[in-house]
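A short worksheet on the structure shown next.
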Number of protein chains: 2
Amino acid sequence: MTRSADRRGPYICGIDAAMDVVTGKWKSLILWELDQHGTRRFGVLKRGLPGISEKMLIQQLREMEEDGLVDREVFREVPPRVEYSLTAQGKSLNAALRPLGAWGKERIKRIKARMVTVDSAE
Amino acid sequence: MTRSADRRGPYICGIDAAMDVVTGKWKSLILWELDQHGTRRFGVLKRGLPGISEKMLIQQLREMEEDGLVDREVFREVPPRVEYSLTAQGKSLNAALRPLGAWGKERIKRIKARMVTVDSAE
DNA sequence: CAGAATCCTTAACGATACTG
DNA sequence: CAGTATCGTTAAGGATTCTG
């Protein structure tokens, strides 16, 4: 739908394949949210991601569902309720992202440290 | 230059910060190439990344240099020679990407397995 | 509530030609 | 050899409006 002709390979390596699934401004955050809370319905998920539009949230969720990362359960009630949760693959992907997250935290520290240096220099 | 107003934060979490530095169609591959071979000059690096244009290679290398991932050493000779290598940060980022790469390899396996199933079904 | 549909802006990427 | 410069395409992301 949105992705470049539904990319999905051919991949030249594992990182390429993983990136294909995880890039998109919000995917890693959705992964994180769902990993923390287990199951969330659409509206709650949206409130947990300040700044995201409904269009983007749906779009990313649909792609993640296609990619087997997310389960979508529809309750035919009025008003409608839809719940999202991680599949086993989604959970393992989130686990695989953890070292990268740790690296990123260190990077943030370095950036802040440098800002302090610059500040006191002027 | 190319990046959204030089992004570089503010970041909402570590993954966000790491992704900012690693997204771009070629960056993780450049990281991998330099990690494997230690030091490469421009032309060799290019031949190691079939399909990349010179513009993209330079652009990505410059951003990675700005981000402290890559060292660039210029030898003032004729003809010119420039060598690229990973900094300590670049190396540790590459290490942090390894679990993601492993996850991606598993994903590729699953996709292939599914293709076989589909093939034999028709 | 959870979305579908539409329109629009911008950023990523690519191809080509030229240069110290 | 290792770049710049320029131009064009496509894809990602966002804002708004409408609906079962």
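Chain A is the first sequence line, chain B the second, and so forth, proteins listed ahead of strands; every chain is numbered from 1. Being a predicted model, the structure only gives us computed values, none of them experimental.
Taking atom CG of B:L57 as the reference point, atom C1' of D:dT4 lies 14 Å away to the nearest angstrom. Going from atom NZ of B:K25 over to atom C1' of D:dT9 covers 13 Å, rounded to whole Å. Per the geometry, CD1 belonging to B:I52 stands 14 Å off C1' belonging to D:dG3, to the nearest Å. Whole-Å rounding puts the B:E77 CD to D:dG3 C1' distance at 16 Å. Atoms NZ (A:K46) and C1' (D:dG14) sit 12 Å apart, rounded to a whole Å. One can place CD1 of A:I58 at 17 Å from P of D:dT19, the figure rounded to the nearest angstrom. Atom CD in B:E54 sits roughly 15 Å away from atom P in C:dC18 (whole-Å rounding). Nucleotide D:dG13 holds its P atom 12 Å from the CE atom of B:M19, rounded to whole Å.
For the pair A:R72 and A:L61, the minimum side-chain heavy-atom distance is 4.5 Å or more. The closest side-chain heavy-atom distance from A:R7 to A:D16 is below 4.5 Å.
When hydrophobic clusters are built by joining Ile, Leu, Val, Met, Phe, Trp and Tyr residues whose side-chain heavy atoms come closer than 4.5 Å, directly or via intermediates, A:V44 is not grouped with A:V74.
In this structure, of C:dG14, D:dG13, C:dA4, it is C:dA4 that holds the atom nearest to the side chain of A:R62.
Toward the 5′ end of DNA chain D lies the nearest nucleotide of B:F42, the other residue of the pair A:G24 and B:F42 mapping further downstream. Along DNA chain C, the nucleotide nearest to A:L61 and the one nearest to B:M56 differ in position, and the one closer to the 5' end is contacted by A:L61. Summary of the strand contacts: B:R41 and B:K55 both lie near DNA chain D, and taking for each the nucleotide with the nearest heavy atom, the more 5' one is attributed to B:R41.
Minimum interatomic distance between A:D20 and A:T23 (heavy atoms only, all atoms of both residues): O-OG1, 4.1 Å.
For the OP1/OP2 pair of D:dG3 and a distance below 4.0 Å, the side-chain nitrogens and oxygens of B:Y84 include at least one atom meeting the criterion. Contact annotation: A:R72 side-chain N/O to C:dG3 OP1/OP2 distance is under 4.0 Å. At D:dA11, none of the side-chain N or O atoms of A:R7 fall inside 4.0 Å of OP1 or OP2 (strictly under the cut-off). For A:R76 and D:dG20, the shortest distance from a side-chain N or O to OP1 or OP2 is not below 4.0 Å.
Note that CD of A:E83 and CG of A:L45 are 11.0 Å apart. Values are rounded to the nearest 0.5 Å.
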